[in-house]
Amino acid sequence: MASSSLPQWPPEITDEQRSALTLLATTYALSHGLVYLPPADVQPPVPTSAIHAPLALFPSPFPRDKFELAKRLQRTYNVLYAHVTMDEEFLDRVMGAEQGVGRVDEFTGQLWRLWKRLRDQGIKQTRHLGLFRSDYLLHTPSHGSASLELKQVEFNTISSSFGALSQNVSKLHRHLLATTEYFNASPLLKLENLPPNDTIAGLAEGLAAAHNAYDSPSAWILFVVQDGERNVFDQRWLEYELLEKHSIRVVRQTFEQLAVSAEVVPNSRILRLRLPGLLPRGAESVEISTVYFRAGYTPKDYPTPTHYETRYLLESSVAIKCPSIQLQLAGGKKVQQVLTQPSAINHFARKITSGDYELRASWMRMWGLDENGNEGVRKARAQAQNLVLKPQREGGGNNVYKDDIPPFLDTLPPQEREAWIAMELIRTPEGLGNYLVRAGGGTDGAVKTEVVSELGIFGWALFGPDSVIEEREVGWLLRTKGKESNEGGIAAGFSVLDSLVLV
């Protein structure tokens, strides 16, 4: 049975109805850009085909009051992480390579040293743009409890993806409701219970706000992307929105391309890309107002020192970065853990005008593995069945769960403990299911399974040491995965895209 505050799900349908819904869903997805590039060892330079993104056949139930709480919390988190980013002393202590995580985590240390180089040369970011996503799960505080709590999984400050595709899957479920009424399978499946989702416009609004603050109308926005990116269409929707609604042009470049094309003009520190023959009106180069990173969040994006130097070059310009290195560091798992300590959150709470209590209530218990000598590891061993261990990494597939924790701790060098945090597992509601549709499964590809749904709330903040924080909550994402899966990254292949039916 599902939790008493959630309905039994999914509704009962016949095999014929399931096949009909699957056909409607997959054809709608392919017709409306809810798509990926297909897997390939090497993506062709010009795409030749696309597949629909993995999706849920039904929207998944979620308590209305917890959805509204998550949206409120986003405004508070926007402000909190703006202040964390601007507190250089705090970030140096927590994430730095001299006294923080960067001493033992090589990737974090590399990023911090780039930031230190910039500061040593007197280069400061006058404005930062964050396109954020805060992820949550529903938590049952005790086994068999009827009450549900909203608990944060993590806060993302770089390459917060699936905003565009989440809007499209929300429209897909509305389409299925409009065309079939879901065969009257549940009284909950009504339009008023399917919340609107305008994430594309909201995220583009944040990028446009940074562009306008830069104040050079002829400048372009740079998307820094990964080579062979399969999730390219999620990014393209933002590019189209910027051009069609804001008259802002976008150029996409990998780090490899930027190593050739990018230059920072001496004295003015304007970032320009040299693209002869590829620009309108015969222009040789274009000025960049905003650098939007959809790459750079994993060590794999920096296979050579040249890649780090290219990141440094971008950071040394006056273009507004989304995110800057220091804002990327602020999104580290260690920061998330340290903020749960009373001394840390009390330090920032003075700068948060509202939502302090709800913020604290959204956190699970966390600690560092380096806590009090061997105490952090001892607690992790003793409580392994109720824990997840997290490193300073993004992108999915990096965490260690339950039975895997003790043998992992046996092999973890003591000097690397500081790079890991222990987090109490969120106990998700039992008895909820859905039909998960993978690409290539045909009309029989909708597999019914017990699931867990993770809610992400998008927001943006434009801020700097000498400017007022401008921020918004701008939409949401629901990722649904089989109950047997520990990870939640869609691009990593563990989840499907989903939307909400509020109860």
Side-chain angles (χ1 to χ4, degrees), residues 2-3 5-7 9-11 21 25 28-29 32-34 53 55-78 131-138 148-153 160-182 185-206 234 237 241 355 358 362 428-429 432 434 451-460 471-480 488 490 495-503:
S3 167
S5 60
L6 292 172
W9 208 256
L21 288 171
Y28 182 96
H32 291 80
L34 183 51
L55 55 92
L57 208 52
F58 285 86
S60 289
F62 203 90
R64 191 180 301 269
D65 62 332
K66 300 301 185 290
F67 177 61
E68 295 299 330
L69 170 60
K71 293 201 296 180
R72 283 198 309 276
L73 278 171
Q74 188 61 41
R75 304 292 301 272
T76 307
Y77 273 114
N78 289 343
L131 295 189
F132 301 140
R133 195 187 71 227
S134 186
D135 294 335
Y136 303 92
L137 287 170
L138 292 173
L148 294 172
E149 298 174 351
L150 187 77
K151 294 295 184 180
Q152 187 185 57
V153 177
S160 302
S161 58
F162 294 105
L165 295 193
S166 69
Q167 177 174 321
N168 290 346
V169 80
S170 177
K171 289 181 177 179
L172 180 151
H173 286 146
R174 285 169 171 253
H175 170 74
L176 293 180
L177 179 64
T179 54
T180 70
E181 298 184 3
Y182 275 105
S186 169
L188 293 172
L189 291 168
K190 298 184 292 186
L191 190 59
E192 57 263 36
N193 293 334
L194 305 186
N197 191 2
D198 297 314
T199 308
I200 296 172
L203 293 176
E205 176 193 47
D234 185 58
W237 280 105
E241 182 81 6
E358 290 180 331
S362 71
T428 54
L432 293 172
N434 210 321
V451 298
V452 175
S453 294
E454 183 173 314
L455 174 68
I457 303 292
F458 290 98
W460 62 262
E471 55 84 25
R472 303 280 190 277
E473 174 269 310
V474 295
W476 51 271
L477 159 73
L478 196 72
R479 292 172 295 175
T480 291
I490 296 168
S495 298
V496 304
L497 289 162
D498 198 355
S499 76
L500 298 167
V501 55
L502 298 178
V503 299

Quiz item: Is the number of heavy atoms from other residues, nucleotides or ligands within 6.0 Å of NZ (K66) greater than 12?
Solution: yes
Quiz item: Around E181, counting heavy atoms of other residues, nucleotides and ligands shown, do more than 12 lie under 6.0 Å from its CD?
Solution: no
Euclidean distance, [Y] [atom2] relative to [X] [atom1], rounded to 0.5 Å:
X    : Y    : atom1 : atom2 : result
L497 : Q167 : CG    : CD    : 12.5 Å
L176 : S499 : CG    : OG    : 9.5 Å
L189 : L194 : CG    : CG    : 7.0 Å
L477 : N197 : CG    : CG    : 8.5 Å
L502 : D65  : CG    : CG    : 10.0 Å
S134 : Q152 : OG    : CD    : 4.0 Å

Return yes if some donor-acceptor pair links the side-chain N/O of [X] with the main-chain N/O of [Y] below 3.5 Å, else return no.
X    : Y    : answer
H173 : A56  : yes
N78  : R472 : yes
W476 : D198 : no
S170 : S166 : no

Would you say the side-chain atoms of [X] and [Y] include a donor-acceptor pair closer than 3.5 Å?
X    : Y    : result
E471 : W460 : no
R64  : N193 : yes
E358 : T76  : no
D234 : S161 : no

So, for [X] and [Y], which heavy atoms are closest and what is the spacing to 0.1 Å?
X    : Y    : value
L131 : S160 : O-OG, 3.1 Å
P7   : L188 : CG-CD1, 3.5 Å
I457 : Q74  : O-OE1, 3.0 Å
P195 : L500 : CD-O, 3.5 Å
V501 : P59  : CG1-O, 3.8 Å
L165 : A53  : CD1-CB, 4.4 Å

Flag side-chain contact, heavy atom, 4.5 Å: [X] against [Y]:
X    : Y    : answer
N168 : H32  : no
E241 : I200 : yes
S60  : L478 : yes
L138 : F62  : yes
L73  : S362 : yes
D498 : L55  : no
S186 : W9   : yes
Y28  : L34  : no

Exercise. Could you walk me through whether L203 and V474 pass the side-chain contact (heavy atoms from CB on, under 4.5 Å) test, one step at a time?
Key: CA-CA 7 Å; L203 293 176; V474 295; 4.0 Å; yes
Quiz item: So, Y182 versus F58, ring centres under 6.0 angstrom or not?
Solution: yes
Quiz item: Does E473 pair with R75 as a salt bridge, N-O distance under 4.0 Å?
Solution: no
Quiz item: For L432 and L6, what are the C-alpha separation, side-chain angles and deciding distance, and is it a side-chain contact (heavy atoms from CB on, under 4.5 Å)?
Solution: CA-CA 8 Å; L432 293 172; L6 292 172; 3.5 Å; yes
Practice problem: Assess whether side-chain contact (heavy atoms from CB on, under 4.5 Å) is satisfied between R174 and L191, documenting all intermediate values. | Solution: CA-CA 7 Å; R174 285 169 171 253; L191 190 59; 3.5 Å; yes
